[in-house]
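Remarks on the structure that follows.
No experiment lies behind these values; they were computed from the predicted model shown.
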Amino acid sequence: RLRVPTTWIETPSQIPSTTECVTVESEFLSPDDLRAALPRGARFAPGFQALTTLQDKWEQKKLFQRLGISTAPFRTLDSPADVRDRCVLK
(Lines give C-alpha, C1' and ligand atoms only; values in the text may rest on other atoms or scores of the structure.)
Protein backbone atom coordinates (compact mmCIF):
# COMPACT_ATOMS: atom_id res chain seq x y z
CA ARG A 1 0.00 0.00 0.00
CA LEU A 2 1.39 3.34 -1.06
CA ARG A 3 0.96 6.21 1.38
CA VAL A 4 1.59 9.72 0.22
CA PRO A 5 0.78 13.06 1.78
CA THR A 6 -2.20 14.74 0.14
CA THR A 7 -3.34 18.33 0.12
CA TRP A 8 -6.75 19.64 -0.90
CA ILE A 9 -6.51 22.96 -2.72
CA GLU A 10 -9.18 25.31 -3.98
CA THR A 11 -7.15 27.05 -6.69
CA PRO A 12 -4.06 26.09 -8.69
CA SER A 13 -2.10 28.95 -7.13
CA GLN A 14 -2.18 27.00 -3.85
CA ILE A 15 -0.11 24.10 -5.22
CA PRO A 16 2.93 23.78 -2.95
CA SER A 17 6.31 24.19 -4.68
CA THR A 18 7.43 20.78 -3.37
CA THR A 19 4.60 18.95 -5.16
CA GLU A 20 5.68 16.05 -7.37
CA CYS A 21 2.31 14.97 -8.76
CA VAL A 22 -1.08 16.66 -9.13
CA THR A 23 -4.38 14.90 -9.82
CA VAL A 24 -7.77 16.51 -10.26
CA GLU A 25 -11.33 15.39 -9.72
CA SER A 26 -12.97 18.45 -11.21
CA GLU A 27 -13.12 19.48 -14.83
CA PHE A 28 -13.82 23.05 -13.80
CA LEU A 29 -10.18 24.03 -13.32
CA SER A 30 -8.38 26.01 -15.98
CA PRO A 31 -5.70 23.92 -17.71
CA ASP A 32 -3.72 27.12 -18.30
CA ASP A 33 -3.84 28.04 -14.60
CA LEU A 34 -2.82 24.50 -13.63
CA ARG A 35 0.05 24.46 -16.12
CA ALA A 36 1.32 27.82 -14.84
CA ALA A 37 1.10 26.77 -11.18
CA LEU A 38 2.57 23.29 -11.54
CA PRO A 39 6.06 23.10 -10.07
CA ARG A 40 8.85 22.32 -12.53
CA GLY A 41 9.12 18.56 -13.07
CA ALA A 42 5.79 17.74 -11.40
CA ARG A 43 3.46 15.29 -13.14
CA PHE A 44 -0.19 16.03 -13.84
CA ALA A 45 -2.85 13.34 -14.12
CA PRO A 46 -4.98 12.71 -16.09
CA GLY A 47 -3.08 15.10 -18.38
CA PHE A 48 -3.86 18.49 -19.84
CA GLN A 49 -5.36 17.14 -23.07
CA ALA A 50 -7.72 14.88 -21.12
CA LEU A 51 -8.81 17.79 -18.93
CA THR A 52 -9.35 20.01 -21.97
CA THR A 53 -11.45 17.29 -23.66
CA LEU A 54 -13.57 16.81 -20.54
CA GLN A 55 -14.31 20.52 -20.37
CA ASP A 56 -15.72 20.57 -23.90
CA LYS A 57 -18.89 18.45 -23.74
CA TRP A 58 -19.07 18.17 -27.54
CA GLU A 59 -15.51 16.79 -27.71
CA GLN A 60 -16.22 14.57 -24.70
CA LYS A 61 -19.28 13.03 -26.38
CA LYS A 62 -17.40 12.51 -29.67
CA LEU A 63 -14.55 10.80 -27.78
CA PHE A 64 -16.97 8.50 -25.96
CA GLN A 65 -18.64 7.67 -29.28
CA ARG A 66 -15.26 6.83 -30.90
CA LEU A 67 -14.36 4.62 -27.92
CA GLY A 68 -17.71 2.81 -27.98
CA ILE A 69 -18.76 4.20 -24.60
CA SER A 70 -22.52 4.66 -24.26
CA THR A 71 -23.70 8.22 -24.06
CA ALA A 72 -26.99 10.04 -24.42
CA PRO A 73 -27.83 11.06 -27.98
CA PHE A 74 -26.40 14.41 -29.06
CA ARG A 75 -26.47 16.63 -32.12
CA THR A 76 -25.43 20.02 -33.39
CA LEU A 77 -27.88 22.85 -32.91
CA ASP A 78 -27.56 25.27 -35.79
CA SER A 79 -29.86 28.07 -34.71
CA PRO A 80 -31.72 29.45 -31.68
CA ALA A 81 -34.88 27.85 -33.09
CA ASP A 82 -33.22 24.42 -32.73
CA VAL A 83 -32.93 25.02 -29.01
CA ARG A 84 -36.62 25.87 -28.67
CA ASP A 85 -37.75 23.00 -30.90
CA ARG A 86 -35.44 20.21 -29.71
CA CYS A 87 -34.39 20.87 -26.13
CA VAL A 88 -35.95 20.61 -22.73
CA LEU A 89 -35.08 23.75 -20.79
CA LYS A 90 -34.93 23.39 -17.03
side-chain hydrogen bond (donor to acceptor under 3.5 Å, both in side chains) with Thr23: which residues, sequence neighbours excluded? none
Restricting to pairs with a member in residues 12-34, which pass ring pair (Phe, Tyr, Trp, His ring centres under 6.0 Å), not counting sequence neighbours? none
Check whether Gln55 reaches the backbone of Leu29 with its side chain - one donor and one acceptor, N or O, closer than 3.5 Å. yes
With sequence neighbours left out, what residues match Asp32 under salt bridge (Lys or Arg N to Asp or Glu O under 4.0 Å)? Arg35
Got a sec, which residues hit side-chain contact (heavy atoms from CB on, under 4.5 Å) with Thr18, two or more places apart in sequence or on another chain? Pro16
Residue pairs passing the side chain to side chain donor-acceptor pair (under 3.5 Å) test with at least one member in residues 38-54, sequence neighbours excluded, are Gln49-Thr53
side-chain contact (heavy atoms from CB on, under 4.5 Å) partners of Ser13, counting only residues at least two apart: Thr11
Donor-acceptor pairs are to be reported for all side-chain atoms of residues 59-74 against protein atoms at under 3.5 Å, with residues two or more places apart or in another chain.
| unit_1 | atom_1 | unit_2 | atom_2 | d |
| --- | --- | --- | --- | --- |
| Glu59 | OE2 | Lys62 | NZ | 3.2 |
| Gln60 | NE2 | Leu54 | O | 3.3 |
| Lys61 | NZ | Thr71 | OG1 | 2.8 |
| Lys61 | NZ | Ala72 | O | 3.4 |

Using side-chain contact (heavy atoms from CB on, under 4.5 Å) as the criterion, list what pairs up with Ala42, not counting sequence neighbours. Leu38, Pro39
Ring pair (Phe, Tyr, Trp, His ring centres under 6.0 Å) partners of residues 36-56, not counting sequence neighbours, each pair once: Phe44-Phe48
